[in-house]
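Report on one structure; see the data block that follows.
So that the names make sense, note that chain A is the first sequence line, chain B the second, and so on, each numbered from 1. Hydrogens, waters and symmetry mates are skipped; everything else that's a heavy atom, side chains included, is used.
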Amino acid sequence: MDTRLRAALTLIALILAVLLGYQTYVFLSHLGKEQVIIRVAPQSATLTVDSRTYTGPQTLHLEPGTHELSAYRDGFSSMSKKITVKKGKSQSVMFPLVPQTSDAETEANDPVNAKLYDQIDAEGSANAQQEGEQFAKENPITNLLPDENLLYTIGYRADPNNENKVILVIDAGQGYRNAAVEHIRDLGFDPADYIIEFRDYTNPFTGKGATE
Amino acid sequence: MNRRLIIFIIILLFVLAGIGIAWWYITSRHDVTIDFGRDDMKVTVERRESATERHTVATLDHTDTIKLPDGDYIIAPESTDQKRPLSKDVTRFTVDGENQKITVTPELSDSYRNELLDQSRDHIHSVITANYPTIFDQYNVTHEEILGKNGEWYGIELSEKMPDSSAGDTYFIALNKQDGEWKLASTPELILTVQNAPGVPRDIISRIDSFYQAQDTDD
């Protein structure tokens, strides 16, 4: 009896040790990395993250920095994306591959894959809404733009070099550009804090500032 | 015995009242640090009792912390260098239950800045012309000012000369005095921003951009 009890206790201790070791391994391997949830449909699509390949949806932990992701499946259009993983920020990436052949169409419509496409669609909408809200929150001036009158139009575009920031775009004729800038001040924002582009304009002193 | 007890109670009440008053006095006052943004000045701190009535609560000649009860106050700076008078603009603040730090950096007085401008104008314009030779042929100077704590910044507003009554563009330039020499600190821009004038302090950018509003107001 004692021997059996000892054996059972040893087994339990061994299992606990293995579990603890696994948890420690998982913890250490995720240290300094951020969670990236990759949704891909169909389920059998091949996913490439940097140089490693996977099959189907994945939850990975990646080092902060830029990573190249792509998804491929015969009969479907392939997709690739470059993502930037930021410290302390998890993110999800969607790869809803579009069927190009009738066989692929059949595969995409099977219940498991159809459910995956629905999930991606729903999550994509939710993400877009969340990103839109965040963008508006960080750039409250966008709630008031475009602002236009007979003399000028003030709009904005996303700043390609500064995530979640905007570049104000002023479309005004000669003599009305300064008035447009002052209107930004009238809206309650200091134009000195923004990057401002003027359409169809070149600074006569620097040659810069021309936009389409 | 009874008489002694009454005297003891009266003394005790006085002591308690004294402690209470001392407690109220200490807790009703808050630390206000007046941080001197420049050395060549002294400041007078006045409490505003009403729109017209105020009384001096402190005079300081260096950064110091004073205890003030809740209320509205002003800090009036005065230059200690007779040759460099300061702006008489006052700093208003309110003590409302919390300690606070107020930095006072008055700029040079308008008349002294105008004096500096008159002395430096030719030099400054020659620096601008050296970089943009025809600028004063094509643009009118509609506003220019010496700015900054020691008059080390200069801003100019230039409005395009138009052949008829049509409107032209208005440009702003910032210059900075380094080692006694004026140098361009920005290119001419429709508006100076933190992006196109990165070497110019934010408050100087705002002052120069506000020339346009000043001109509007004048009109």
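- Side-chain contact, A/His30 with A/Gln35: no donor N or O sits under 3.5 Å from an acceptor N or O.
- Among B/Thr193, B/Ile135, B/Asp169, the residue making the largest number of heavy-atom pairs under 4.5 Å with chain A is B/Asp169.
- Of the options A/Glu131, A/Gln130, A/Glu138, a side-chain hydrogen bond (donor to acceptor under 3.5 Å, both in side chains) to A/Gln134 is made by A/Glu138 and by none of the others.
- Using a 4.0 Å cut-off between charged side-chain N and carboxylate O, B/Arg47 and B/Asp72 make no salt bridge.
- Heavy-atom pairs under 4.5 Å with chain B were tallied for A/Tyr194, A/Phe205, A/Tyr176; the largest tally goes to A/Phe205.
- Only the side chain of B/Ile191 comes within contact range of chain A, judged by heavy atoms closer than 4.5 Å.
- A side-chain N or O of B/Thr187 and one of B/Glu189 form a donor-acceptor pair less than 3.5 Å apart.
- Looking only at heavy-atom pairs under 4.5 Å with chain B, the residue among A/Asp193, A/Val181, A/Thr206 that has the most is A/Asp193.
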